[in-house]
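Predicted model, so just to flag it, every value in this text is computed and none were measured. Chain letters run A, B, ... following the sequence lines, proteins first, then strands; residues in each count from 1.
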Amino acid sequence: MDLREIKEVIKLMKANDITDFELEKDDFKIILRKEKEIVTRQITETPMQAYYSPQPILPPTPQPVAQPVAQPKAPENDPSVDYIVSPMVGTFYLAPSPESPPYVTTGQEVKPDDVVCIVEAMKVFNEIKAEMKGKILEVMAENGAPVEYGQKLFKIKK
Amino acid sequence: MPSKELIVHSLLQNQWVHGTDLAETLGTSRTAIWNNITVLKNRGYDIESNQKEGYRLVSIPKFLYPELVKYKLGTSFIGRNIIHYMSTGSTNDDARELCNKGAHAGTVVIAEDQTKGRGRCNRSWTTSVGKSIAMSLILKPEGKKPREAYQFTMMTAAGISDALMSFDVKNVSIKWPNDVLINGKKVAGILTELNGEMDMIRQLIIGIGINVNQDICDFGQTLPDATSVKIETGVTADRLRLIQTAIRCIDARYVQLMRHGFDDILNTLKQRCCSIGKKIHFNLAGAEGAVTVKDIASDGGLMVIDDSGNIKTLYSGDIQFV
(Lines give C-alpha, C1' and ligand atoms only; values in the text may rest on other atoms or scores of the structure.)
Protein backbone atom coordinates (compact mmCIF):
# COMPACT_ATOMS: atom_id res chain seq x y z
CA MET A 1 0.00 0.00 0.00
CA ASP A 2 1.55 3.31 -0.96
CA LEU A 3 0.97 6.82 0.33
CA ARG A 4 -1.52 7.66 -2.42
CA GLU A 5 -3.68 4.69 -1.47
CA ILE A 6 -3.49 5.54 2.23
CA LYS A 7 -4.62 9.07 1.42
CA GLU A 8 -7.47 7.61 -0.65
CA VAL A 9 -8.56 5.50 2.33
CA ILE A 10 -8.42 8.50 4.67
CA LYS A 11 -10.57 10.44 2.21
CA LEU A 12 -13.09 7.60 2.08
CA MET A 13 -13.09 7.38 5.88
CA LYS A 14 -13.83 11.07 6.17
CA ALA A 15 -16.51 11.01 3.49
CA ASN A 16 -18.31 8.03 5.00
CA ASP A 17 -17.69 8.90 8.61
CA ILE A 18 -15.74 5.72 9.32
CA THR A 19 -13.64 5.86 12.47
CA ASP A 20 -11.63 2.65 12.24
CA PHE A 21 -9.83 1.00 9.38
CA GLU A 22 -7.57 -2.01 9.58
CA LEU A 23 -5.77 -3.82 6.76
CA GLU A 24 -3.50 -6.75 7.14
CA LYS A 25 -1.67 -8.44 4.30
CA ASP A 26 1.36 -10.66 4.61
CA ASP A 27 3.41 -8.94 7.28
CA PHE A 28 2.07 -5.51 6.41
CA LYS A 29 -0.50 -4.14 8.78
CA ILE A 30 -2.04 -0.70 8.86
CA ILE A 31 -4.51 0.70 11.33
CA LEU A 32 -6.17 4.04 10.69
CA ARG A 33 -8.25 5.46 13.55
CA LYS A 34 -10.16 8.71 13.49
CA GLU A 35 -10.63 10.28 16.91
CA LYS A 36 -11.69 13.93 17.12
CA GLU A 37 -10.22 14.64 13.71
CA ILE A 38 -6.90 12.98 14.59
CA VAL A 39 -5.85 10.19 12.30
CA THR A 40 -3.06 7.96 13.55
CA ARG A 41 -1.05 5.75 11.33
CA GLN A 42 0.58 2.74 12.76
CA ILE A 43 2.55 0.05 11.00
CA THR A 44 3.53 -3.03 12.90
CA GLU A 45 5.65 -5.99 12.07
CA THR A 46 3.58 -9.06 12.67
CA PRO A 47 5.04 -12.52 13.02
CA MET A 48 5.61 -14.17 9.66
CA GLN A 49 2.91 -16.55 8.61
CA ALA A 50 3.42 -17.48 4.98
CA TYR A 51 0.46 -19.82 4.93
CA TYR A 52 -1.74 -17.12 6.32
CA SER A 53 -2.44 -14.13 4.16
CA PRO A 54 -5.89 -12.68 4.71
CA GLN A 55 -7.81 -11.15 1.85
CA PRO A 56 -7.59 -7.39 1.51
CA ILE A 57 -10.69 -5.83 3.01
CA LEU A 58 -10.84 -3.13 0.37
CA PRO A 59 -11.55 -4.77 -2.99
CA PRO A 60 -10.98 -1.60 -5.08
CA THR A 61 -7.40 -1.32 -3.89
CA PRO A 62 -5.30 -3.44 -6.22
CA GLN A 63 -2.68 -5.30 -4.22
CA PRO A 64 0.55 -6.32 -5.91
CA VAL A 65 1.14 -10.07 -5.73
CA ALA A 66 4.21 -9.66 -3.60
CA GLN A 67 5.80 -6.66 -2.00
CA PRO A 68 9.24 -6.69 -0.45
CA VAL A 69 8.96 -6.81 3.29
CA ALA A 70 9.70 -3.50 4.93
CA GLN A 71 12.62 -4.38 7.15
CA PRO A 72 13.51 -2.21 10.09
CA LYS A 73 16.82 -0.42 9.58
CA ALA A 74 19.67 -2.34 11.11
CA PRO A 75 20.89 -0.57 14.22
CA GLU A 76 24.50 -0.86 13.12
CA ASN A 77 25.25 0.95 9.91
CA ASP A 78 28.08 -1.35 8.98
CA PRO A 79 28.55 -1.50 5.20
CA SER A 80 30.37 -4.81 5.57
CA VAL A 81 27.19 -6.46 6.92
CA ASP A 82 24.75 -7.70 4.31
CA TYR A 83 21.75 -9.99 4.16
CA ILE A 84 20.60 -12.89 2.01
CA VAL A 85 16.87 -12.40 1.48
CA SER A 86 14.17 -14.74 0.23
CA PRO A 87 13.22 -14.28 -3.45
CA MET A 88 9.80 -15.82 -2.87
CA VAL A 89 7.12 -16.79 -0.36
CA GLY A 90 7.61 -20.35 0.83
CA THR A 91 9.03 -22.70 3.39
CA PHE A 92 12.62 -22.30 4.53
CA TYR A 93 14.86 -25.36 4.64
CA LEU A 94 18.41 -25.35 5.96
CA ALA A 95 19.15 -28.84 4.63
CA PRO A 96 18.28 -30.76 1.45
CA SER A 97 16.44 -33.41 3.50
CA PRO A 98 15.56 -33.97 7.16
CA GLU A 99 18.45 -36.45 7.54
CA SER A 100 21.07 -34.28 5.83
CA PRO A 101 23.38 -31.85 7.60
CA PRO A 102 22.58 -28.15 7.08
CA TYR A 103 24.04 -26.38 4.05
CA VAL A 104 25.66 -23.77 6.29
CA THR A 105 26.03 -22.95 9.97
CA THR A 106 26.82 -19.77 11.87
CA GLY A 107 30.45 -18.78 11.59
CA GLN A 108 30.96 -20.56 8.28
CA GLU A 109 32.67 -18.83 5.36
CA VAL A 110 30.66 -18.83 2.14
CA LYS A 111 31.46 -18.15 -1.51
CA PRO A 112 29.00 -16.61 -4.01
CA ASP A 113 28.14 -20.00 -5.59
CA ASP A 114 27.55 -21.83 -2.31
CA VAL A 115 24.00 -22.99 -1.68
CA VAL A 116 22.90 -21.72 1.73
CA CYS A 117 19.30 -22.94 1.93
CA ILE A 118 16.19 -23.97 0.03
CA VAL A 119 12.93 -22.05 -0.14
CA GLU A 120 10.06 -24.22 -1.35
CA ALA A 121 6.61 -23.18 -2.49
CA MET A 122 4.16 -25.12 -4.61
CA LYS A 123 6.76 -27.82 -5.24
CA VAL A 124 9.28 -25.37 -6.64
CA PHE A 125 12.54 -25.87 -4.78
CA ASN A 126 14.63 -22.75 -4.96
CA GLU A 127 18.24 -23.33 -4.03
CA ILE A 128 19.39 -20.01 -2.66
CA LYS A 129 23.02 -19.15 -3.29
CA ALA A 130 25.04 -16.80 -1.13
CA GLU A 131 25.71 -14.51 -4.14
CA MET A 132 28.49 -12.95 -2.05
CA LYS A 133 31.66 -13.89 -0.25
CA GLY A 134 31.63 -13.64 3.50
CA LYS A 135 30.95 -15.22 6.85
CA ILE A 136 27.54 -16.27 8.17
CA LEU A 137 26.90 -14.16 11.27
CA GLU A 138 23.37 -15.32 11.90
CA VAL A 139 20.75 -17.68 10.51
CA MET A 140 17.65 -15.49 10.71
CA ALA A 141 14.90 -17.98 9.86
CA GLU A 142 13.93 -21.26 11.43
CA ASN A 143 14.23 -24.54 9.56
CA GLY A 144 10.80 -25.54 8.23
CA ALA A 145 9.27 -22.14 8.92
CA PRO A 146 7.31 -20.09 6.42
CA VAL A 147 9.17 -17.09 4.98
CA GLU A 148 8.01 -14.06 3.06
CA TYR A 149 9.26 -12.47 -0.14
CA GLY A 150 12.15 -10.20 0.80
CA GLN A 151 12.54 -11.62 4.31
CA LYS A 152 16.09 -11.69 5.65
CA LEU A 153 17.38 -15.27 5.90
CA PHE A 154 21.06 -14.84 6.72
CA LYS A 155 23.21 -12.05 8.09
CA ILE A 156 26.59 -12.00 6.37
CA LYS A 157 29.84 -10.29 7.24
CA LYS A 158 31.46 -9.46 3.93
CA MET B 1 20.94 -34.17 -37.25
CA PRO B 2 23.20 -37.09 -36.31
CA SER B 3 23.48 -39.92 -38.87
CA LYS B 4 21.77 -42.50 -36.68
CA GLU B 5 18.79 -40.21 -36.21
CA LEU B 6 18.53 -39.56 -39.96
CA ILE B 7 18.74 -43.26 -40.77
CA VAL B 8 16.06 -44.14 -38.21
CA HIS B 9 13.74 -41.40 -39.46
CA SER B 10 14.27 -42.53 -43.02
CA LEU B 11 13.53 -46.14 -42.07
CA LEU B 12 10.42 -45.08 -40.13
CA GLN B 13 9.14 -43.12 -43.10
CA ASN B 14 9.75 -45.66 -45.86
CA GLN B 15 9.09 -49.30 -46.42
CA TRP B 16 12.53 -50.03 -47.93
CA VAL B 17 15.50 -47.70 -47.99
CA HIS B 18 18.45 -48.35 -50.23
CA GLY B 19 21.94 -48.03 -48.78
CA THR B 20 23.05 -45.92 -51.75
CA ASP B 21 20.21 -43.43 -51.16
CA LEU B 22 21.02 -43.24 -47.46
CA ALA B 23 24.70 -42.73 -48.21
CA GLU B 24 23.83 -39.95 -50.65
CA THR B 25 21.49 -38.19 -48.21
CA LEU B 26 24.05 -38.35 -45.45
CA GLY B 27 26.98 -37.57 -47.68
CA THR B 28 28.81 -40.66 -46.57
CA SER B 29 29.80 -44.11 -47.85
CA ARG B 30 27.70 -47.27 -48.00
CA THR B 31 30.14 -48.85 -45.56
CA ALA B 32 29.49 -46.05 -43.07
CA ILE B 33 25.75 -46.69 -43.43
CA TRP B 34 26.28 -50.39 -42.87
CA ASN B 35 28.27 -49.60 -39.71
CA ASN B 36 25.48 -47.38 -38.44
CA ILE B 37 22.89 -50.08 -39.17
CA THR B 38 24.94 -52.48 -37.06
CA VAL B 39 25.00 -49.98 -34.20
CA LEU B 40 21.23 -49.55 -34.50
CA LYS B 41 20.70 -53.32 -34.42
CA ASN B 42 22.72 -53.44 -31.21
CA ARG B 43 20.45 -50.70 -29.86
CA GLY B 44 17.49 -53.02 -30.31
CA TYR B 45 16.24 -52.07 -33.78
CA ASP B 46 15.17 -55.08 -35.83
CA ILE B 47 16.36 -54.22 -39.33
CA GLU B 48 15.97 -56.53 -42.28
CA SER B 49 18.24 -56.13 -45.32
CA ASN B 50 18.76 -57.53 -48.78
CA GLN B 51 21.04 -56.73 -51.70
CA LYS B 52 18.30 -55.50 -54.04
CA GLU B 53 16.00 -53.40 -51.87
CA GLY B 54 18.27 -52.24 -49.07
CA TYR B 55 17.07 -51.91 -45.46
CA ARG B 56 13.68 -52.28 -43.83
CA LEU B 57 12.69 -51.57 -40.24
CA VAL B 58 10.83 -54.55 -38.82
CA SER B 59 10.37 -53.27 -35.27
CA ILE B 60 11.65 -50.55 -33.00
CA PRO B 61 13.15 -51.01 -29.53
CA LYS B 62 10.95 -50.49 -26.50
CA PHE B 63 13.12 -47.67 -25.17
CA LEU B 64 12.42 -43.95 -25.37
CA TYR B 65 15.45 -43.20 -27.54
CA PRO B 66 15.89 -39.56 -28.63
CA GLU B 67 15.70 -40.46 -32.32
CA LEU B 68 12.32 -42.11 -31.71
CA VAL B 69 10.91 -39.38 -29.45
CA LYS B 70 12.03 -36.70 -31.91
CA TYR B 71 10.40 -38.39 -34.91
CA LYS B 72 7.59 -36.10 -36.10
CA LEU B 73 7.60 -34.43 -32.67
CA GLY B 74 6.92 -31.03 -34.22
CA THR B 75 7.36 -28.94 -31.08
CA SER B 76 8.53 -25.36 -31.29
CA PHE B 77 10.78 -25.44 -28.26
CA ILE B 78 10.70 -28.32 -25.81
CA GLY B 79 12.43 -31.47 -27.01
CA ARG B 80 14.66 -29.86 -29.62
CA ASN B 81 17.48 -31.57 -27.78
CA ILE B 82 16.93 -34.91 -26.05
CA ILE B 83 19.37 -36.82 -23.84
CA HIS B 84 18.60 -40.43 -22.93
CA TYR B 85 19.96 -42.67 -20.19
CA MET B 86 19.22 -46.34 -19.66
CA SER B 87 19.70 -45.87 -15.93
CA THR B 88 20.56 -42.88 -13.84
CA GLY B 89 20.29 -41.52 -10.31
CA SER B 90 17.81 -38.76 -11.04
CA THR B 91 17.06 -36.98 -14.31
CA ASN B 92 16.88 -33.69 -12.41
CA ASP B 93 20.48 -34.13 -11.22
CA ASP B 94 21.55 -34.97 -14.79
CA ALA B 95 19.71 -31.93 -16.13
CA ARG B 96 21.45 -29.72 -13.59
CA GLU B 97 24.84 -31.07 -14.61
CA LEU B 98 23.98 -30.56 -18.28
CA CYS B 99 23.01 -26.96 -17.45
CA ASN B 100 26.40 -26.42 -15.84
CA LYS B 101 27.93 -27.63 -19.11
CA GLY B 102 25.82 -25.14 -21.06
CA ALA B 103 22.79 -27.20 -22.11
CA HIS B 104 20.20 -25.17 -24.02
CA ALA B 105 16.72 -24.39 -22.81
CA GLY B 106 14.24 -26.87 -24.24
CA THR B 107 16.51 -29.83 -23.53
CA VAL B 108 14.71 -32.95 -22.28
CA VAL B 109 16.47 -35.62 -20.22
CA ILE B 110 14.83 -39.04 -20.31
CA ALA B 111 15.75 -42.12 -18.27
CA GLU B 112 14.44 -45.68 -18.48
CA ASP B 113 15.35 -46.24 -14.85
CA GLN B 114 15.95 -43.86 -11.97
CA THR B 115 17.65 -45.16 -8.86
CA LYS B 116 17.29 -41.94 -6.86
CA GLY B 117 14.05 -40.41 -8.14
CA ARG B 118 12.78 -37.82 -5.70
CA GLY B 119 9.53 -36.34 -4.54
CA ARG B 120 8.89 -33.59 -2.02
CA CYS B 121 11.05 -33.64 1.14
CA ASN B 122 13.36 -36.06 -0.67
CA ARG B 123 10.71 -38.77 -0.61
CA SER B 124 11.61 -41.32 -3.22
CA TRP B 125 9.78 -41.61 -6.53
CA THR B 126 9.78 -45.13 -7.89
CA THR B 127 10.42 -45.68 -11.57
CA SER B 128 9.50 -49.08 -12.98
CA VAL B 129 11.78 -49.87 -15.91
CA GLY B 130 9.89 -49.89 -19.20
CA LYS B 131 6.61 -49.08 -17.49
CA SER B 132 6.92 -45.43 -16.62
CA ILE B 133 8.15 -42.14 -17.97
CA ALA B 134 10.86 -40.26 -16.09
CA MET B 135 12.02 -37.01 -17.64
CA SER B 136 13.29 -33.56 -16.82
CA LEU B 137 12.87 -30.38 -18.82
CA ILE B 138 15.37 -27.55 -18.84
CA LEU B 139 13.76 -24.11 -19.15
CA LYS B 140 15.32 -20.67 -18.98
CA PRO B 141 12.32 -18.37 -19.21
CA GLU B 142 13.44 -14.81 -19.80
CA GLY B 143 11.77 -12.02 -17.89
CA LYS B 144 10.24 -14.37 -15.30
CA LYS B 145 11.00 -14.07 -11.61
CA PRO B 146 11.55 -16.84 -9.03
CA ARG B 147 8.24 -15.95 -7.39
CA GLU B 148 6.54 -16.72 -10.73
CA ALA B 149 8.19 -20.14 -11.08
CA TYR B 150 5.06 -21.92 -9.84
CA GLN B 151 3.47 -20.97 -13.19
CA PHE B 152 5.82 -23.39 -14.94
CA THR B 153 5.04 -26.35 -12.72
CA MET B 154 1.35 -25.62 -13.10
CA MET B 155 1.62 -25.30 -16.89
CA THR B 156 3.40 -28.69 -16.85
CA ALA B 157 0.53 -30.23 -14.85
CA ALA B 158 -1.93 -28.69 -17.32
CA GLY B 159 0.10 -30.11 -20.24
CA ILE B 160 0.29 -33.62 -18.78
CA SER B 161 -3.45 -33.64 -18.08
CA ASP B 162 -4.04 -32.43 -21.68
CA ALA B 163 -1.95 -35.35 -22.91
CA LEU B 164 -3.81 -37.92 -20.82
CA MET B 165 -7.18 -36.53 -21.93
CA SER B 166 -6.09 -36.75 -25.57
CA PHE B 167 -5.40 -40.44 -24.86
CA ASP B 168 -9.08 -40.75 -23.97
CA VAL B 169 -8.35 -41.18 -20.30
CA LYS B 170 -11.42 -40.22 -18.27
CA ASN B 171 -11.63 -38.49 -14.89
CA VAL B 172 -8.31 -36.70 -15.13
CA SER B 173 -7.87 -34.08 -12.44
CA ILE B 174 -5.17 -31.96 -10.83
CA LYS B 175 -4.52 -31.87 -7.12
CA TRP B 176 -3.07 -28.53 -6.08
CA PRO B 177 -0.40 -27.56 -6.74
CA ASN B 178 0.56 -30.00 -9.49
CA ASP B 179 -0.19 -33.69 -8.97
CA VAL B 180 -2.06 -35.27 -11.86
CA LEU B 181 -4.71 -37.81 -10.88
CA ILE B 182 -6.94 -40.33 -12.61
CA ASN B 183 -10.06 -41.30 -10.67
CA GLY B 184 -8.59 -39.49 -7.68
CA LYS B 185 -5.33 -41.45 -7.63
CA LYS B 186 -1.90 -40.04 -8.44
CA VAL B 187 -0.62 -40.90 -11.90
CA ALA B 188 1.99 -38.17 -12.37
CA GLY B 189 4.16 -36.03 -10.12
CA ILE B 190 6.19 -32.91 -10.82
CA LEU B 191 9.10 -31.49 -8.87
CA THR B 192 10.80 -28.30 -9.98
CA GLU B 193 14.26 -27.10 -9.04
CA LEU B 194 14.99 -23.45 -9.50
CA ASN B 195 18.28 -21.70 -9.84
CA GLY B 196 18.10 -17.94 -9.90
CA GLU B 197 18.69 -14.62 -8.27
CA MET B 198 16.27 -12.31 -6.47
CA ASP B 199 14.51 -11.15 -9.63
CA MET B 200 15.75 -13.53 -12.28
CA ILE B 201 15.34 -17.21 -13.08
CA ARG B 202 18.62 -18.61 -14.33
CA GLN B 203 17.16 -22.03 -15.03
CA LEU B 204 14.24 -24.21 -14.12
CA ILE B 205 14.52 -27.97 -14.08
CA ILE B 206 11.10 -29.57 -14.16
CA GLY B 207 11.19 -33.22 -13.15
CA ILE B 208 8.25 -35.30 -14.32
CA GLY B 209 7.28 -38.84 -13.41
CA ILE B 210 4.33 -40.52 -15.14
CA ASN B 211 3.10 -43.99 -14.22
CA VAL B 212 2.18 -45.59 -17.52
CA ASN B 213 2.01 -49.37 -17.54
CA GLN B 214 2.52 -50.44 -13.95
CA ASP B 215 0.21 -53.04 -12.49
CA ILE B 216 -1.22 -52.78 -8.98
CA CYS B 217 1.45 -55.17 -7.69
CA ASP B 218 4.20 -52.78 -8.89
CA PHE B 219 3.12 -50.21 -6.31
CA GLY B 220 2.50 -52.62 -3.47
CA GLN B 221 1.17 -51.65 -0.07
CA THR B 222 3.46 -48.66 0.35
CA LEU B 223 1.78 -46.53 -2.32
CA PRO B 224 -1.97 -46.99 -1.90
CA ASP B 225 -2.79 -43.68 -3.61
CA ALA B 226 -0.67 -44.31 -6.70
CA THR B 227 -2.03 -45.56 -9.98
CA SER B 228 -1.01 -45.92 -13.63
CA VAL B 229 -2.66 -45.21 -16.96
CA LYS B 230 -2.93 -48.98 -17.50
CA ILE B 231 -4.59 -49.66 -14.14
CA GLU B 232 -7.20 -46.96 -14.73
CA THR B 233 -7.93 -47.64 -18.41
CA GLY B 234 -7.32 -51.38 -18.52
CA VAL B 235 -5.23 -50.91 -21.64
CA THR B 236 -1.45 -51.01 -22.05
CA ALA B 237 -0.45 -47.57 -23.28
CA ASP B 238 2.14 -46.84 -25.97
CA ARG B 239 4.86 -45.20 -23.89
CA LEU B 240 6.54 -43.59 -26.91
CA ARG B 241 3.32 -42.06 -28.17
CA LEU B 242 2.45 -40.87 -24.65
CA ILE B 243 5.82 -39.18 -24.03
CA GLN B 244 5.61 -37.48 -27.43
CA THR B 245 2.09 -36.28 -26.70
CA ALA B 246 3.12 -35.09 -23.24
CA ILE B 247 6.09 -33.13 -24.65
CA ARG B 248 3.85 -31.62 -27.36
CA CYS B 249 1.16 -30.62 -24.86
CA ILE B 250 3.68 -29.12 -22.41
CA ASP B 251 5.33 -27.26 -25.30
CA ALA B 252 1.96 -25.80 -26.30
CA ARG B 253 1.26 -24.74 -22.70
CA TYR B 254 4.75 -23.22 -22.43
CA VAL B 255 4.18 -21.13 -25.55
CA GLN B 256 0.76 -20.12 -24.19
CA LEU B 257 2.29 -19.05 -20.87
CA MET B 258 5.15 -17.08 -22.39
CA ARG B 259 2.95 -15.34 -25.00
CA HIS B 260 -0.33 -14.79 -23.21
CA GLY B 261 0.44 -15.02 -19.51
CA PHE B 262 -0.86 -17.29 -16.79
CA ASP B 263 -4.62 -16.64 -17.01
CA ASP B 264 -5.59 -19.45 -19.40
CA ILE B 265 -3.52 -21.98 -17.49
CA LEU B 266 -4.99 -20.82 -14.19
CA ASN B 267 -8.48 -21.28 -15.63
CA THR B 268 -7.65 -24.79 -16.85
CA LEU B 269 -6.27 -25.59 -13.41
CA LYS B 270 -9.41 -24.31 -11.70
CA GLN B 271 -11.59 -26.39 -14.03
CA ARG B 272 -9.58 -29.55 -13.43
CA CYS B 273 -8.71 -28.97 -9.79
CA CYS B 274 -10.23 -31.69 -7.68
CA SER B 275 -9.42 -29.79 -4.49
CA ILE B 276 -11.90 -26.92 -4.91
CA GLY B 277 -14.91 -27.26 -2.62
CA LYS B 278 -13.28 -30.10 -0.67
CA LYS B 279 -12.41 -30.17 2.99
CA ILE B 280 -8.69 -30.63 3.47
CA HIS B 281 -6.25 -31.01 6.29
CA PHE B 282 -3.07 -28.98 5.99
CA ASN B 283 0.15 -29.18 7.88
CA LEU B 284 2.85 -26.55 7.69
CA ALA B 285 5.63 -25.89 10.17
CA GLY B 286 3.58 -27.26 13.02
CA ALA B 287 0.55 -25.16 12.08
CA GLU B 288 -2.26 -27.41 10.97
CA GLY B 289 -5.97 -27.46 10.62
CA ALA B 290 -9.03 -28.47 8.66
CA VAL B 291 -10.22 -25.99 6.06
CA THR B 292 -12.37 -25.92 2.94
CA VAL B 293 -10.75 -25.08 -0.41
CA LYS B 294 -12.34 -22.06 -2.05
CA ASP B 295 -10.25 -21.30 -5.10
CA ILE B 296 -6.78 -21.05 -6.59
CA ALA B 297 -5.40 -17.52 -6.33
CA SER B 298 -3.71 -15.82 -9.27
CA ASP B 299 -0.40 -16.14 -7.43
CA GLY B 300 -0.88 -19.90 -7.42
CA GLY B 301 -1.75 -20.12 -3.73
CA LEU B 302 -4.58 -22.29 -2.49
CA MET B 303 -7.36 -20.12 -1.03
CA VAL B 304 -9.01 -21.85 1.88
CA ILE B 305 -11.66 -20.89 4.40
CA ASP B 306 -11.68 -22.11 7.99
CA ASP B 307 -14.67 -22.88 10.19
CA SER B 308 -14.81 -19.31 11.50
CA GLY B 309 -14.99 -17.94 7.96
CA ASN B 310 -11.41 -16.65 7.78
CA ILE B 311 -9.86 -16.84 4.33
CA LYS B 312 -6.21 -17.90 4.14
CA THR B 313 -3.87 -18.67 1.28
CA LEU B 314 -1.57 -21.68 1.43
CA TYR B 315 1.71 -21.74 -0.48
CA SER B 316 3.31 -24.93 0.70
CA GLY B 317 3.01 -27.75 3.13
CA ASP B 318 1.13 -31.01 2.92
CA ILE B 319 -2.54 -31.12 2.10
CA GLN B 320 -4.74 -34.16 2.48
CA PHE B 321 -8.40 -34.64 1.70
CA VAL B 322 -10.44 -35.22 4.82
Side-chain angles (χ1 to χ4, degrees), chain A residues 24-26 47-57 62-68 82-93 95-100 112-113 115 118-132 141-153, chain B residues 92 96 118-123 145-154 156-157 176-179 189-202 204-207 282-289 291 294 297-306 310-317:
Chain A
E24 195 175 345
K25 186 177 162 55
D26 299 334
M48 301 301 174
Q49 283 184 297
Y51 70 92
Y52 182 67
S53 104
Q55 284 286 91
I57 306 159
Q63 289 289 326
V65 173
Q67 278 291 338
D82 207 339
Y83 298 92
I84 299 171
V85 299
S86 179
M88 61 189 217
V89 172
T91 307
F92 175 79
Y93 293 107
S97 74
E99 307 82 44
S100 317
D113 266 350
V115 174
I118 284 177
V119 175
E120 181 264 345
M122 295 175 268
K123 285 198 199 169
V124 176
F125 288 77
N126 192 350
E127 279 191 348
I128 313 290
K129 289 185 178 164
E131 308 285 357
M132 61 180 107
E142 209 177 308
N143 187 42
V147 291
E148 290 294 332
Y149 170 63
Q151 184 179 333
K152 289 172 180 171
L153 305 176
Chain B
N92 267 25
R96 189 200 310 225
R118 287 190 306 271
R120 228 175 63 83
C121 302
N122 266 16
R123 288 170 196 149
K145 299 177 170 62
R147 57 183 188 273
E148 295 170 312
Y150 69 91
Q151 296 177 358
F152 293 89
T153 72
M154 289 184 177
T156 306
W176 180 90
N178 52 26
D179 285 347
I190 301 161
L191 187 149
T192 300
E193 290 174 297
L194 162 70
N195 179 336
E197 287 169 26
M198 192 66 188
D199 279 316
M200 187 198 85
I201 294 175
R202 225 175 271 127
L204 277 173
I205 294 168
I206 304 184
F282 75 92
N283 188 337
L284 174 77
E288 54 182 316
V291 287
K294 239 184 134 245
S298 58
D299 66 356
L302 192 68
M303 287 167 64
V304 298
I305 186 160
D306 68 14
N310 297 317
I311 296 171
K312 306 171 182 184
T313 308
L314 310 179
Y315 294 100
S316 58

Starting at [atom1] of [X], measure out to [atom2] of [Y] and round the result to the nearest 0.5 Å.
X: B:Lys145; Y: A:Tyr149; atom1: NZ; atom2: OH; value: 7.5 Å
X: A:Glu120; Y: B:Leu191; atom1: CD; atom2: CG; value: 8.5 Å
X: B:Thr153; Y: A:Phe125; atom1: OG1; atom2: CZ; value: 11.0 Å

Portion of A:Glu131 that has a non-hydrogen atom of chain B nearer than 4.5 angstrom =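 For A:Glu131, side-chain heavy atoms alone lie under 4.5 Å from chain B.
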So [Y] and [X], do their side chains get closer than 4.5 Å, heavy atoms only?
X: B:Glu193; Y: A:Asn126; answer: no
X: B:Met154; Y: A:Met122; answer: yes
X: A:Lys123; Y: B:Thr192; answer: no

Provide the closest heavy-atom pair for A:Pro87 versus B:Glu197 in the form atom of the first, atom of the second, distance.
->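 Heavy atoms of A:Pro87 and B:Glu197 come nearest at CB-O, 4.2 Å.
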Residue selection (most heavy-atom pairs with chain A, distance under 4.5 Å) from B:Gly300, B:Ala297, B:Gly196 |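 The residue among B:Gly300, B:Ala297, B:Gly196 with the greatest pair count is B:Gly300.
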Would you call A:Glu127 and B:Arg96 a salt bridge, taking side-chain N to carboxylate O under 4.0 Å as the test?
->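 A salt bridge links A:Glu127 with B:Arg96.
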Report the residues that fulfil side chain to side chain donor-acceptor pair (under 3.5 Å) with B:Glu148, sequence neighbours left out, ordered by chain and then residue number.
->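 Listed in chain order: nothing, the list is empty.
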